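Hydrogens, waters and symmetry mates are skipped; everything else that's a heavy atom, side chains included, is used. Reminder, nothing fancy here: chain letters follow the sequence lines and each chain counts from 1. Values in this document were obtained by computation on a predicted structure and should not be read as measured data.
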Amino acid sequence: MLLMFDDKHKNHLSFLLDIDIAVLQEFCKISLEFIKKGANPKVYQGAAQKLSVPAETVQNGVEGLMYLLTESSKLMISEIDFQDSILTLGFREDMQRELLALYLTHRREVRAILSEMAMDVPHYHNLEWRLDVQLASRALQRQITPIVTMKLQTKDGEDMMSHVLQTDPVNLVHLTKVLDEALQEIKSPYCRRIFRNIK
Amino acid sequence: RFRFCGDLDCPDWVLAEISTLSKITSVKMKLLCVQVIKMLLGQDIDYNKVYKITADAKFEEGDVKACIAALNFIIASASKYGVDEDSLSNELLQLGLPKEHTTSLGKSYGDSLHKLQDQFKKDSLKLTQLESVEWRVDYIISSSLLKDINEPCVQLKMNVKSTKSEKVEPVSFTASADKFRVFLNELKQASSMMDSLTSS
(Lines give C-alpha, C1' and ligand atoms only; values in the text may rest on other atoms or scores of the structure.)
Protein backbone atom coordinates (compact mmCIF):
# COMPACT_ATOMS: atom_id res chain seq x y z
CA MET A 1 0.00 0.00 0.00
CA LEU A 2 1.52 3.31 -1.02
CA LEU A 3 1.05 6.53 0.87
CA MET A 4 -0.68 9.29 -1.10
CA PHE A 5 0.59 12.80 -0.47
CA ASP A 6 -1.44 15.83 -1.35
CA ASP A 7 0.17 18.94 -2.84
CA LYS A 8 0.32 20.99 0.32
CA HIS A 9 2.12 18.15 2.07
CA LYS A 10 4.59 17.83 -0.82
CA ASN A 11 5.15 21.56 -0.64
CA HIS A 12 5.99 21.42 3.05
CA LEU A 13 8.36 18.52 2.57
CA SER A 14 10.05 20.10 -0.45
CA PHE A 15 11.90 22.38 1.96
CA LEU A 16 13.63 19.32 3.38
CA LEU A 17 14.91 18.12 0.00
CA ASP A 18 18.08 20.18 -0.26
CA ILE A 19 19.38 20.28 3.30
CA ASP A 20 22.36 18.37 4.74
CA ILE A 21 21.96 14.92 6.15
CA ALA A 22 22.95 16.15 9.62
CA VAL A 23 20.21 18.77 9.53
CA LEU A 24 17.75 16.11 8.39
CA GLN A 25 18.67 14.03 11.43
CA GLU A 26 18.01 17.06 13.64
CA PHE A 27 14.62 17.46 12.04
CA CYS A 28 13.85 13.80 12.58
CA LYS A 29 14.62 14.17 16.29
CA ILE A 30 12.47 17.30 16.54
CA SER A 31 9.51 15.54 14.88
CA LEU A 32 9.81 12.61 17.27
CA GLU A 33 9.78 14.97 20.24
CA PHE A 34 6.70 16.61 18.73
CA ILE A 35 4.95 13.25 18.57
CA LYS A 36 5.92 12.34 22.11
CA LYS A 37 5.41 15.62 23.91
CA GLY A 38 3.83 18.25 21.67
CA ALA A 39 5.13 21.22 19.71
CA ASN A 40 8.02 23.35 20.94
CA PRO A 41 8.03 26.72 19.12
CA LYS A 42 11.38 27.86 20.56
CA VAL A 43 13.18 25.04 18.75
CA TYR A 44 11.64 26.21 15.47
CA GLN A 45 13.00 29.74 16.02
CA GLY A 46 16.51 28.44 16.72
CA ALA A 47 16.50 26.17 13.67
CA ALA A 48 15.08 28.91 11.43
CA GLN A 49 17.84 31.30 12.44
CA LYS A 50 20.58 28.73 11.79
CA LEU A 51 19.25 27.88 8.33
CA SER A 52 18.18 31.46 7.55
CA VAL A 53 14.67 30.56 6.47
CA PRO A 54 11.41 31.81 7.96
CA ALA A 55 10.21 29.97 11.07
CA GLU A 56 7.01 28.98 9.32
CA THR A 57 8.91 26.90 6.75
CA VAL A 58 10.70 25.10 9.56
CA GLN A 59 7.42 24.41 11.29
CA ASN A 60 5.84 23.13 8.09
CA GLY A 61 8.83 20.90 7.46
CA VAL A 62 8.67 19.38 10.95
CA GLU A 63 4.92 18.87 10.78
CA GLY A 64 5.20 17.33 7.33
CA LEU A 65 7.82 14.88 8.59
CA MET A 66 5.70 14.08 11.62
CA TYR A 67 2.65 13.44 9.45
CA LEU A 68 4.71 11.15 7.21
CA LEU A 69 5.85 9.18 10.26
CA THR A 70 2.43 8.87 11.88
CA GLU A 71 0.69 7.88 8.66
CA SER A 72 3.23 5.19 7.88
CA SER A 73 3.17 3.84 11.45
CA LYS A 74 -0.63 3.93 11.49
CA LEU A 75 -0.92 1.88 8.32
CA MET A 76 2.06 -0.31 9.30
CA ILE A 77 3.41 -0.26 5.75
CA SER A 78 6.36 -2.46 4.80
CA GLU A 79 9.87 -1.13 4.05
CA ILE A 80 9.45 -1.44 0.29
CA ASP A 81 6.19 0.48 0.33
CA PHE A 82 7.72 3.19 2.51
CA GLN A 83 10.69 3.54 0.17
CA ASP A 84 8.45 3.70 -2.90
CA SER A 85 6.27 6.33 -1.25
CA ILE A 86 9.12 8.68 -0.42
CA LEU A 87 10.71 8.06 -3.82
CA THR A 88 7.89 10.09 -5.35
CA LEU A 89 8.78 13.03 -3.11
CA GLY A 90 12.26 13.40 -4.57
CA PHE A 91 14.58 12.78 -1.61
CA ARG A 92 18.27 11.85 -2.21
CA GLU A 93 19.55 8.27 -1.66
CA ASP A 94 21.13 8.86 1.74
CA MET A 95 18.16 10.85 3.00
CA GLN A 96 15.86 8.02 1.94
CA ARG A 97 17.96 5.58 3.94
CA GLU A 98 17.88 7.93 6.92
CA LEU A 99 14.10 8.28 6.79
CA LEU A 100 13.69 4.51 6.42
CA ALA A 101 15.90 3.88 9.46
CA LEU A 102 13.92 6.44 11.45
CA TYR A 103 10.64 4.81 10.48
CA LEU A 104 11.75 1.31 11.38
CA THR A 105 13.31 2.13 14.74
CA HIS A 106 10.46 4.24 16.02
CA ARG A 107 7.49 2.54 14.43
CA ARG A 108 6.51 0.62 17.56
CA GLU A 109 6.81 3.64 19.82
CA VAL A 110 4.70 5.85 17.55
CA ARG A 111 2.08 3.12 17.34
CA ALA A 112 1.97 2.91 21.15
CA ILE A 113 1.39 6.66 21.40
CA LEU A 114 -1.29 6.53 18.69
CA SER A 115 -3.08 3.66 20.43
CA GLU A 116 -3.54 5.82 23.52
CA MET A 117 -5.41 8.41 21.49
CA ALA A 118 -8.28 6.12 20.56
CA MET A 119 -11.66 6.91 22.09
CA ASP A 120 -12.32 5.15 25.31
CA VAL A 121 -14.97 4.47 27.92
CA PRO A 122 -14.09 5.28 31.51
CA HIS A 123 -12.07 2.47 32.94
CA TYR A 124 -11.23 1.16 36.38
CA HIS A 125 -8.70 3.11 38.38
CA ASN A 126 -9.01 2.20 42.05
CA LEU A 127 -11.35 0.43 44.46
CA GLU A 128 -11.31 0.95 48.23
CA TRP A 129 -13.65 -0.97 50.49
CA ARG A 130 -14.68 -1.05 54.10
CA LEU A 131 -16.70 -3.56 56.14
CA ASP A 132 -19.01 -1.93 58.69
CA VAL A 133 -21.65 -3.19 61.09
CA GLN A 134 -24.65 -0.93 61.56
CA LEU A 135 -25.60 -1.11 65.25
CA ALA A 136 -28.33 1.47 65.59
CA SER A 137 -30.12 4.21 63.76
CA ARG A 138 -32.52 6.93 64.85
CA ALA A 139 -35.45 4.74 63.89
CA LEU A 140 -34.29 1.35 65.18
CA GLN A 141 -31.74 0.64 67.89
CA ARG A 142 -30.03 -2.63 68.84
CA GLN A 143 -29.58 -4.04 65.35
CA ILE A 144 -26.64 -5.85 63.77
CA THR A 145 -26.44 -5.34 60.02
CA PRO A 146 -23.17 -5.86 58.15
CA ILE A 147 -22.62 -3.47 55.25
CA VAL A 148 -19.78 -3.26 52.75
CA THR A 149 -19.01 0.30 51.59
CA MET A 150 -16.95 0.76 48.44
CA LYS A 151 -15.47 3.73 46.63
CA LEU A 152 -14.91 2.96 42.96
CA GLN A 153 -12.72 5.41 41.06
CA THR A 154 -12.91 5.43 37.27
CA LYS A 155 -10.61 7.33 34.96
CA ASP A 156 -11.58 8.65 31.54
CA GLY A 157 -8.50 10.16 29.98
CA GLU A 158 -7.88 13.02 32.36
CA ASP A 159 -11.11 13.02 34.42
CA MET A 160 -11.51 10.94 37.52
CA MET A 161 -14.94 10.12 38.82
CA SER A 162 -15.58 8.40 42.08
CA HIS A 163 -18.70 6.41 42.91
CA VAL A 164 -19.64 5.44 46.44
CA LEU A 165 -21.55 2.16 46.62
CA GLN A 166 -22.95 0.12 49.46
CA THR A 167 -23.96 -3.49 49.51
CA ASP A 168 -24.70 -6.28 51.95
CA PRO A 169 -22.39 -9.32 52.04
CA VAL A 170 -24.81 -11.69 50.25
CA ASN A 171 -25.01 -9.33 47.30
CA LEU A 172 -21.24 -9.02 47.27
CA VAL A 173 -20.84 -12.81 47.07
CA HIS A 174 -23.26 -12.86 44.14
CA LEU A 175 -21.33 -10.02 42.46
CA THR A 176 -18.02 -11.84 42.76
CA LYS A 177 -19.59 -15.04 41.46
CA VAL A 178 -20.94 -13.30 38.36
CA LEU A 179 -17.61 -11.55 37.67
CA ASP A 180 -15.77 -14.86 38.15
CA GLU A 181 -18.06 -16.51 35.62
CA ALA A 182 -17.26 -13.71 33.18
CA LEU A 183 -13.53 -14.43 33.59
CA GLN A 184 -14.10 -18.15 33.14
CA GLU A 185 -15.86 -17.42 29.86
CA ILE A 186 -12.47 -16.58 28.36
CA LYS A 187 -11.38 -20.18 28.88
CA SER A 188 -14.44 -21.64 27.15
CA PRO A 189 -13.84 -23.52 23.86
CA TYR A 190 -15.80 -20.91 21.85
CA CYS A 191 -13.54 -18.04 22.96
CA ARG A 192 -10.42 -20.17 22.46
CA ARG A 193 -11.43 -20.89 18.88
CA ILE A 194 -11.85 -17.16 18.20
CA PHE A 195 -8.47 -16.26 19.73
CA ARG A 196 -6.77 -18.91 17.65
CA ASN A 197 -8.30 -17.50 14.49
CA ILE A 198 -7.34 -13.94 15.32
CA LYS A 199 -3.71 -14.89 15.78
CA ARG B 1 -1.44 -20.92 51.85
CA PHE B 2 0.68 -17.99 52.99
CA ARG B 3 -0.26 -15.93 55.97
CA PHE B 4 1.18 -12.73 54.59
CA CYS B 5 -1.13 -13.07 51.60
CA GLY B 6 -4.10 -13.54 53.89
CA ASP B 7 -4.12 -17.35 53.70
CA LEU B 8 -4.36 -17.24 49.92
CA ASP B 9 -1.87 -18.26 47.27
CA CYS B 10 1.01 -15.92 46.61
CA PRO B 11 0.46 -14.06 43.29
CA ASP B 12 2.56 -15.36 40.40
CA TRP B 13 4.22 -12.05 39.66
CA VAL B 14 5.54 -11.80 43.24
CA LEU B 15 7.06 -15.27 42.91
CA ALA B 16 8.72 -14.18 39.69
CA GLU B 17 10.15 -11.05 41.30
CA ILE B 18 11.67 -13.00 44.22
CA SER B 19 14.40 -14.17 41.87
CA THR B 20 15.06 -10.56 40.75
CA LEU B 21 15.24 -9.48 44.37
CA SER B 22 17.78 -12.19 45.14
CA LYS B 23 20.21 -10.60 42.72
CA ILE B 24 20.96 -7.56 44.88
CA THR B 25 22.98 -7.86 48.07
CA SER B 26 21.21 -7.95 51.41
CA VAL B 27 22.60 -4.54 52.42
CA LYS B 28 21.11 -2.96 49.32
CA MET B 29 17.90 -4.89 50.00
CA LYS B 30 17.64 -3.27 53.41
CA LEU B 31 18.11 0.21 51.89
CA LEU B 32 15.42 -0.56 49.32
CA CYS B 33 13.07 -1.71 52.09
CA VAL B 34 13.63 1.56 53.93
CA GLN B 35 12.71 3.49 50.78
CA VAL B 36 9.58 1.39 50.15
CA ILE B 37 8.45 1.78 53.77
CA LYS B 38 8.93 5.54 53.46
CA MET B 39 6.70 5.47 50.40
CA LEU B 40 4.03 3.45 52.19
CA LEU B 41 4.04 5.96 55.04
CA GLY B 42 3.02 8.60 52.54
CA GLN B 43 6.30 10.32 51.69
CA ASP B 44 7.66 10.47 48.16
CA ILE B 45 10.13 7.88 47.07
CA ASP B 46 13.54 9.20 46.03
CA TYR B 47 14.17 7.53 42.70
CA ASN B 48 17.76 8.73 42.49
CA LYS B 49 18.63 6.78 45.62
CA VAL B 50 16.83 3.73 44.29
CA TYR B 51 18.73 3.87 41.01
CA LYS B 52 22.01 4.21 42.87
CA ILE B 53 21.14 1.18 44.99
CA THR B 54 20.25 -0.97 42.02
CA ALA B 55 23.07 0.28 39.77
CA ASP B 56 25.44 -2.48 40.85
CA ALA B 57 23.13 -5.25 39.81
CA LYS B 58 22.62 -3.52 36.43
CA PHE B 59 18.85 -3.50 36.64
CA GLU B 60 16.84 -2.05 33.79
CA GLU B 61 14.03 0.37 34.48
CA GLY B 62 11.45 -2.41 34.28
CA ASP B 63 13.34 -4.49 36.86
CA VAL B 64 13.57 -1.57 39.29
CA LYS B 65 9.84 -0.95 39.03
CA ALA B 66 9.14 -4.66 39.49
CA CYS B 67 11.30 -4.84 42.63
CA ILE B 68 9.61 -1.83 44.18
CA ALA B 69 6.18 -3.23 43.35
CA ALA B 70 7.02 -6.64 44.83
CA LEU B 71 8.44 -5.16 48.06
CA ASN B 72 5.44 -2.83 48.27
CA PHE B 73 3.06 -5.77 48.00
CA ILE B 74 4.93 -7.95 50.50
CA ILE B 75 5.26 -5.27 53.18
CA ALA B 76 1.77 -3.77 52.74
CA SER B 77 0.05 -7.13 52.66
CA ALA B 78 1.99 -8.44 55.66
CA SER B 79 1.09 -5.39 57.79
CA LYS B 80 -2.51 -5.61 56.58
CA TYR B 81 -2.85 -9.14 57.97
CA GLY B 82 -0.76 -8.35 61.06
CA VAL B 83 1.94 -10.93 60.40
CA ASP B 84 4.90 -10.78 62.80
CA GLU B 85 8.43 -10.47 61.40
CA ASP B 86 9.54 -14.05 62.10
CA SER B 87 6.62 -15.63 60.26
CA LEU B 88 7.17 -13.23 57.37
CA SER B 89 10.84 -14.19 57.17
CA ASN B 90 9.98 -17.89 57.27
CA GLU B 91 7.38 -17.61 54.53
CA LEU B 92 9.73 -15.61 52.30
CA LEU B 93 12.40 -18.27 52.89
CA GLN B 94 9.91 -20.87 51.68
CA LEU B 95 9.34 -18.81 48.55
CA GLY B 96 13.04 -18.85 47.76
CA LEU B 97 14.41 -15.54 48.98
CA PRO B 98 17.96 -16.03 50.41
CA LYS B 99 18.37 -16.08 54.18
CA GLU B 100 20.22 -12.74 54.61
CA HIS B 101 17.56 -10.98 52.55
CA THR B 102 14.71 -12.38 54.60
CA THR B 103 16.35 -11.41 57.89
CA SER B 104 17.04 -7.84 56.76
CA LEU B 105 13.55 -7.46 55.30
CA GLY B 106 12.04 -8.95 58.46
CA LYS B 107 13.98 -6.54 60.65
CA SER B 108 12.96 -3.36 58.77
CA TYR B 109 9.41 -4.64 58.62
CA GLY B 110 9.30 -5.39 62.32
CA ASP B 111 10.60 -1.92 63.21
CA SER B 112 7.93 -0.09 61.28
CA LEU B 113 4.97 -2.47 61.62
CA HIS B 114 3.08 -0.27 64.10
CA LYS B 115 3.69 2.90 62.11
CA LEU B 116 2.45 1.20 58.95
CA GLN B 117 -0.67 -0.10 60.63
CA ASP B 118 -1.45 3.35 62.05
CA GLN B 119 -0.98 4.93 58.65
CA PHE B 120 -3.21 2.35 56.97
CA LYS B 121 -5.88 2.89 59.59
CA LYS B 122 -5.83 6.60 58.81
CA ASP B 123 -5.99 5.94 55.08
CA SER B 124 -8.93 3.56 55.30
CA LEU B 125 -11.96 4.49 53.29
CA LYS B 126 -13.85 7.35 54.83
CA LEU B 127 -16.83 9.00 53.27
CA THR B 128 -17.58 12.62 54.04
CA GLN B 129 -15.73 13.81 57.13
CA LEU B 130 -16.61 16.52 59.59
CA GLU B 131 -13.77 18.98 59.89
CA SER B 132 -15.19 21.60 62.25
CA VAL B 133 -18.42 23.06 63.61
CA GLU B 134 -19.21 26.74 64.19
CA TRP B 135 -22.34 28.13 65.81
CA ARG B 136 -24.00 31.42 66.71
CA VAL B 137 -27.11 32.15 68.76
CA ASP B 138 -29.26 35.07 67.61
CA TYR B 139 -32.32 36.67 69.13
CA ILE B 140 -34.99 37.60 66.60
CA ILE B 141 -36.76 40.75 67.72
CA SER B 142 -39.12 41.38 64.81
CA SER B 143 -39.50 40.80 61.09
CA SER B 144 -41.35 42.21 58.09
CA LEU B 145 -44.26 39.82 58.73
CA LEU B 146 -44.71 40.06 62.50
CA LYS B 147 -43.84 42.99 64.78
CA ASP B 148 -42.86 41.13 67.97
CA ILE B 149 -41.16 37.77 67.66
CA ASN B 150 -38.69 37.71 70.56
CA GLU B 151 -37.31 34.24 70.01
CA PRO B 152 -33.79 32.87 70.03
CA CYS B 153 -32.47 30.88 67.09
CA VAL B 154 -29.20 29.13 66.47
CA GLN B 155 -27.17 29.12 63.25
CA LEU B 156 -24.87 26.16 62.67
CA LYS B 157 -22.11 25.81 60.09
CA MET B 158 -20.42 22.43 59.65
CA ASN B 159 -17.31 22.20 57.48
CA VAL B 160 -17.47 18.89 55.66
CA LYS B 161 -14.75 17.31 53.57
CA SER B 162 -16.41 15.51 50.67
CA THR B 163 -15.31 12.12 49.33
CA LYS B 164 -14.99 13.08 45.73
CA SER B 165 -12.99 16.25 45.67
CA GLU B 166 -11.00 16.56 48.94
CA LYS B 167 -12.38 20.09 49.28
CA VAL B 168 -13.90 21.36 52.50
CA GLU B 169 -17.42 22.61 51.92
CA PRO B 170 -19.64 24.35 54.47
CA VAL B 171 -23.11 23.08 55.29
CA SER B 172 -25.09 25.67 57.21
CA PHE B 173 -28.61 25.87 58.57
CA THR B 174 -30.73 27.75 61.10
CA ALA B 175 -32.84 26.08 63.80
CA SER B 176 -35.42 27.35 66.25
CA ALA B 177 -35.13 26.46 69.94
CA ASP B 178 -37.49 23.46 69.80
CA LYS B 179 -36.03 21.94 66.66
CA PHE B 180 -32.57 22.38 67.98
CA ARG B 181 -33.53 20.65 71.22
CA VAL B 182 -34.72 17.62 69.23
CA PHE B 183 -31.53 17.66 67.16
CA LEU B 184 -29.37 17.83 70.27
CA ASN B 185 -31.30 15.02 71.94
CA GLU B 186 -30.84 12.67 68.98
CA LEU B 187 -27.14 13.45 68.78
CA LYS B 188 -26.77 12.80 72.51
CA GLN B 189 -28.41 9.38 72.07
CA ALA B 190 -25.98 8.51 69.27
CA SER B 191 -23.06 9.79 71.35
CA SER B 192 -24.00 7.69 74.38
CA MET B 193 -24.30 4.62 72.17
CA MET B 194 -20.82 5.30 70.76
CA ASP B 195 -19.43 5.72 74.28
CA SER B 196 -20.89 2.41 75.41
CA LEU B 197 -19.22 0.71 72.44
CA THR B 198 -15.80 2.29 72.89
CA SER B 199 -15.65 1.45 76.58
CA SER B 200 -16.69 -2.20 76.18
Side-chain angles (χ1 to χ4, degrees), chain A residues 32 36-37 105-106 108-109 112-113 116 122-169 171-173 175-177 179-180 183-184 186-187, chain B residues 6-9 11-12 39-40 42 60-62 65 69 72-73 76-77 79-82 116-130 160-169 175 179-200:
Chain A
L32 270 175
K36 283 187 221 172
K37 292 186 200 149
T105 30
H106 292 108
R108 194 156 296 172
E109 209 177 326
I113 297 177
E116 285 171 22
H123 54 260
Y124 167 81
H125 186 242
N126 192 16
L127 176 72
E128 294 177 20
W129 58 266
R130 185 176 86 184
L131 174 63
D132 292 330
V133 174
Q134 184 181 355
L135 293 169
S137 71
R138 183 185 187 277
L140 178 64
Q141 305 202 346
R142 302 172 72 86
Q143 40 172 298
I144 300 183
T145 325
I147 299 184
V148 178
T149 313
M150 298 182 273
K151 182 163 94 167
L152 173 68
Q153 278 180 331
T154 55
K155 195 164 175 195
D156 188 2
E158 293 295 327
D159 315 316
M160 278 245 264
M161 285 207 48
S162 67
H163 311 267
V164 177
L165 309 161
Q166 266 189 343
T167 172
D168 53 275
N171 223 352
L172 188 62
V173 169
L175 194 86
T176 48
K177 201 157 73 93
L179 289 175
D180 233 346
L183 271 181
Q184 294 294 337
I186 297 183
K187 302 190 187 145
Chain B
D7 293 329
L8 297 170
D9 279 331
D12 293 330
M39 180 172 77
L40 284 170
E60 296 177 343
E61 197 177 329
K65 286 191 205 171
N72 192 346
F73 174 81
S77 157
S79 21
K80 176 164 141 181
Y81 294 108
L116 283 169
Q117 284 185 329
D118 285 337
Q119 176 72 19
F120 289 162
K121 192 183 210 176
K122 261 197 305 175
D123 285 341
S124 290
L125 173 61
K126 282 194 177 65
L127 299 176
T128 53
Q129 271 177 283
L130 183 62
V160 170
K161 189 157 91 156
S162 71
T163 13
K164 301 190 187 204
S165 56
E166 301 280 332
K167 273 191 312 216
V168 181
E169 289 164 359
K179 278 276 186 203
F180 186 68
R181 217 168 284 137
V182 175
F183 183 54
L184 191 61
N185 193 21
E186 302 292 340
L187 285 182
K188 276 191 184 153
Q189 278 184 9
S191 167
S192 66
M193 174 149 289
M194 277 176 63
D195 283 336
S196 69
L197 284 170
T198 39
S199 57
S200 64

inquiry  = Is A/M150 close to chain B through its backbone or its side chain, or both, or neither, when contacts mean heavy atoms under 4.5 Å?
reply    = backbone

task = Tell me, yes or no, whether the heavy-atom count around B/N185 atom CG, taken from other residues, nucleotides or ligands under 6.0 Å, exceeds 12.
result = yes

query = Should the heavy atoms of other residues, nucleotides or ligands under 6.0 Å from CE of B/M193 be counted, would the total exceed 12?
reply = yes

key: Close contacts, residues 136-147 of chain A versus chain B, judged by heavy atoms under 4.5 Å   = A/A136, A/R138, A/Q141

key: Gap between atom CZ of A/R130 and atom CG of B/L127 - 0.5 Å precision   = 5.0 Å

